[in-house]
Amino acid sequence: DVKVTQSSRYLVKRTGEKVFLECVQDMDHENMFWYRQDPGLGLRLIYFSYDVKMKEKGDIPEGYSVSREKKERFSLILESASTNQTSMYLCASRSHGPSYNEQFFGPGTRLTVL
Amino acid sequence: KQEVTQIPAALSVPEGENLVLNCSFTDSAIYNLQWFRQDPGKGLTSLLLIQSSQREQTSGRLNASLDKSSGRSTLYIAASQPGDSATYLCAVRGTRGQNFVFGPGTRLSVLP
């Protein structure tokens with residue numbers, strides 16, 4: 001079974017703090033993704049990575065950065081948290097290849113920025 | 001740009017009923033389509049993945065079909081149970097990129 005884990009289920013931070021969200025997968029997947037999910041807006045892709053040290057911007061990268069130093073770990077960084085970054089953050093992973101590859105999700109981190 | 005819609009936005013049915021959830025997408029150049037379920041406050045659980053060359057996939061009481069040319073997929077749930085209550089999302093992976101595009105979801109309530 002693919003396991004995607006996220007470092008925290010719930011997180012409360014203050015405006016201006018630096019926030020790290022960690023994601024780890026145990027299936028040697030090349031691709032990893034960070035999404036945020038908001039009511040009425042659905043899932044939106046923030047960043048993704050298709051290999052170690054590689055990263056690509058998704059649809060809403062502003063205010064975020066990422067780090068992928070090891071294949072199994074993909075970190076999302078909020079350099080200076082703001083209240084509009086209060087959201088559910090979901091990490092996912094998938095192996096390379098065009099077709100037969102499902103995307104697997106972690107349990108999510110509910111981040112509140114006060 | 002690929003757009004994915006899901007109808008209805010919400011559905012409430014009595015236990016035991018068979019039901020159909022719909023997913024539409026605008027660009028038929030896809031690798032595959034994946035259906036997920038999401039319980040409140042939780043992550044997404046993969047239900048079924050259909051390749052572009054396939055017409056349908058089945059898992060237990062779930063059956064997903066794909067009509068790529070018309071840009072549609074349906075998720076059929078047989079003999080619904082209260083435990084099926086969740087939000088169901090479809091996601092499409094196009095041939096022009098690495099990423100899935102998600103629909104907004106259908107919130108299903110199955111009443112005992």
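Note that the structure is predicted; figures quoted are calculated from it, not measured. A note on names: the letters A, B, ... follow the listed sequences, proteins ahead of strands, and every chain is numbered from 1.
A side-chain donor-acceptor contact under 3.5 Å links B:Gln38 and A:Gln37. A donor-acceptor pair shorter than 3.5 Å can be found between the side chains of B:Glu56 and B:Asn63.
Contact annotation for residues 106-114 of chain A against chain B (heavy-atom separation below 4.5 Å, listed by residue number): A:Gly106, A:Pro107. Residue-level contacts of residues 54-88 of chain A with chain B, in order of numbering, are A:Met88; threshold 4.5 Å between heavy atoms.
Neither the backbone nor the side chain of A:Arg44 has a heavy atom closer than 4.5 Å to any heavy atom of chain B. With a threshold of 4.5 angstrom between heavy atoms, B:Ile30 does not approach chain A through any atom at all.
Although no hydrogens or angles enter the test, the distance criterion places no donor-acceptor pair under 3.5 Å between the side chain of A:Gln25 and the main chain of A:Met32. Remark: the backbone N or O of B:Ser109 is not paired with any side-chain donor or acceptor of B:Ser85 at under 3.5 angstrom. Side-chain N or O atoms of B:Ser52 include none that pairs as donor or acceptor with a backbone N or O of B:Asn32 at under 3.5 Å.
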Identify all side-chain donor-acceptor contacts of residues 75-83 of chain B below 3.5 Å with residues at least two apart in sequence or on another chain.
| unit_1 | atom_1 | unit_2 | atom_2 | d |
| --- | --- | --- | --- | --- |
| B:Tyr76 | OH | B:Asn18 | ND2 | 3.4 |
| B:Ser80 | OG | B:Glu17 | N | 3.3 |
| B:Ser80 | OG | B:Glu17 | O | 2.7 |

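Here B:Leu44 is the residue among B:Leu44, B:Val101, B:Leu89 with the most heavy-atom pairs under 4.5 Å with chain A. By number of non-hydrogen pairs under 4.5 angstrom with chain A, the leading residue of B:Pro104, B:Ser46, B:Gly103 is B:Ser46.
Heavy-atom contacts from other residues, nucleotides or ligands closer than 6.0 Å to CZ of B:Arg55 number 12 or fewer.
Put simply, the side chain of A:Cys23 does not reach to within 4.5 Å of the side chain of A:Thr5, judged on heavy atoms. Counting only heavy atoms from C-beta outward, the side chains of B:Ser24 and B:Val4 never approach each other to under 4.5 Å.
Shown here are the ring pair (Phe, Tyr, Trp, His ring centres under 6.0 Å) partners of B:Phe36, two or more places apart in sequence or in another chain: A:Phe105, B:Phe102.
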> Going through the checks in order, is the salt bridge (Lys or Arg N to Asp or Glu O under 4.0 Å) test met by A:Asp51 and A:Lys53?
Replying inline: CA-CA 6 Å; A:Asp51 204 348; A:Lys53 296 193 186 294; over 6 Å; no
